[in-house]
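Heavy-atom basis, side chains included; hydrogens, waters and symmetry copies ignored.
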Amino acid sequence: MQSNNLLSSLLSSSAQTTSANQMSVPIKQQDPLAQLRDIHVPTEVNIWPLDWGWWVAIAVFLLALFCLYKAITAHIRHNKARKQALALLESISAQQSNWPVALNSILKRTAMSYYPTQQVAGLYGKQWQAFLTSALKSSDSKLESDLGLLVNNVYQATPNPSDFETCKGAVKNWLLKAKLPKNKGAYGDVNDGGLNDGSAHDKQTKEPHHA
């Protein structure tokens with residue numbers, strides 16, 4: 001009986017010792033990162049169909065683009081005859097015996113490209129000079145005087161070679177400073193056929209020597 005009690009006492013003492021040892025071992029701390037979930041990329045937002053505001057913005061942009069295109073093409077078309085005249089002007093030299101007529105012809109044909117033919121074709125002398133002066137954007141006494149010199153040389157049997165540069169400069173300045181109309185209704189159709197292709201103006205109206 002005593003041996004049984006002793007055995008029970010030893011087993012109880014051993015169980016208590018094991019329990020105490022287990023309590024004395026520190027609890028292992030768990031890794032906090034292991035509890036995190038994987039990062040999930042949000043679902044992409046579908047931009048189609050577009051909201052009505054985007055359609056309005058696109059329409060406004062396309063309209064502005066169209067207006068810009070029309071403005072640029074109109075500007076190019078309006079200045080075509082002027083640019084051709086400036087290019088043709090560079091081909092005229094003082095060595096040409098009829099350089100006053102050639103210079104004056106550039107002015108006449110350019111004017112007929114922007115003004116009605118019947119308004120310009122028959123002008124010569126003082127009337128032609130007055131028309132050139134009236135077409136300037138602003139008063140320019142020197143340019144008006146130089147244009148008068150060109151008109152006077154047209155009637156000279158032998159033009160003065162020393163006047164060539166002044167007359168050529170007057171033609172160039174008039175081409176750059178003249179107010180060439182854009183309103184076709186008010187000034188007739190603008191001929192953008194150019195100055196180098198034997199335009200209809202030249203076929204209809206043969207320019208006399210004094211023109």
Under 3.5 Å donor-acceptor, [X] side chain and [Y] backbone:
{"X": "Ser91", "Y": "Ala87", "answer": "no"}
{"X": "Ser105", "Y": "Val101", "answer": "no"}
{"X": "Gln96", "Y": "Ser93", "answer": "yes"}
{"X": "Thr73", "Y": "Tyr69", "answer": "yes"}
{"X": "Tyr114", "Y": "Arg82", "answer": "yes"}

Decide yes or no for [X] and [Y]: does some side-chain heavy atom of the first lie under 4.5 Å from some side-chain heavy atom of the second?
{"X": "Asp146", "Y": "Lys142", "answer": "yes"}
{"X": "Trp174", "Y": "Thr133", "answer": "no"}
{"X": "Asn153", "Y": "Cys167", "answer": "yes"}
{"X": "Ser139", "Y": "Glu144", "answer": "yes"}
{"X": "Asn160", "Y": "Gln156", "answer": "no"}
{"X": "Tyr124", "Y": "Phe131", "answer": "no"}
{"X": "Pro181", "Y": "Tyr115", "answer": "yes"}
{"X": "Lys126", "Y": "Gln129", "answer": "yes"}

Counterpart residues, side chain to side chain donor-acceptor pair (under 3.5 Å), relative to Asn173 (two or more places apart) =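 Partners of Asn173 by the side chain to side chain donor-acceptor pair (under 3.5 Å) criterion come out as none, since no residue qualifies.
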Residues in side chain to side chain donor-acceptor pair (under 3.5 Å) contact with Ser134, at least two apart in sequence or another chain =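 Per chain and number, Ser134 pairs via side chain to side chain donor-acceptor pair (under 3.5 Å) with no residue.
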Out of curiosity, [X] [atom1] to [Y] [atom2], how far, rounded to the nearest 0.5 Å?
{"X": "Asn98", "Y": "Leu103", "atom1": "CG", "atom2": "CG", "answer": "9.5 Å"}
{"X": "Leu86", "Y": "Asn79", "atom1": "CG", "atom2": "CG", "answer": "9.5 Å"}
{"X": "Lys108", "Y": "Thr117", "atom1": "NZ", "atom2": "OG1", "answer": "11.0 Å"}
{"X": "Cys67", "Y": "Leu62", "atom1": "SG", "atom2": "CG", "answer": "11.0 Å"}
{"X": "Lys168", "Y": "Leu150", "atom1": "NZ", "atom2": "CG", "answer": "13.0 Å"}
{"X": "Arg77", "Y": "Lys70", "atom1": "CZ", "atom2": "NZ", "answer": "6.5 Å"}

Test Lys137 against Lys179 for side chain to side chain contact (heavy atoms under 4.5 Å, CB included), laying out the working first.
-> CA-CA 5 Å; Lys137 295 178 182 178; Lys179 52 178 183 290; 3.8 Å; yes
Would you mind telling me which of Asn152, Leu107, Asp140, Val171 makes a side chain to side chain contact (heavy atoms under 4.5 Å, CB included) with Leu147?
-> Leu107
Same hydrophobic cluster for [X] and [Y], using side-chain heavy-atom links shorter than 4.5 Å among ILVMFWY?
{"X": "Val60", "Y": "Trp54", "answer": "no"}
{"X": "Leu149", "Y": "Leu136", "answer": "no"}
{"X": "Leu123", "Y": "Leu143", "answer": "yes"}
{"X": "Leu176", "Y": "Ile92", "answer": "yes"}

Is the CD atom of Gln127 crowded by more than 12 outside heavy atoms at less than 6.0 Å?
->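 Count not over threshold, so no.
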Is there a side-chain hydrogen bond (donor to acceptor under 3.5 Å, both in side chains) between Trp128 and Asn104 once you walk through the steps?
-> CA-CA 10 Å; Trp128 173 236; Asn104 193 63; 2.7 Å; yes
Heavy-atom pair with the smallest gap, counting every atom of [X] and [Y]:
{"X": "His78", "Y": "Leu180", "value": "NE2-O, 2.9 Å"}
{"X": "Tyr155", "Y": "Gly125", "value": "OH-N, 2.9 Å"}
{"X": "Pro159", "Y": "Pro100", "value": "CB-CG, 3.4 Å"}

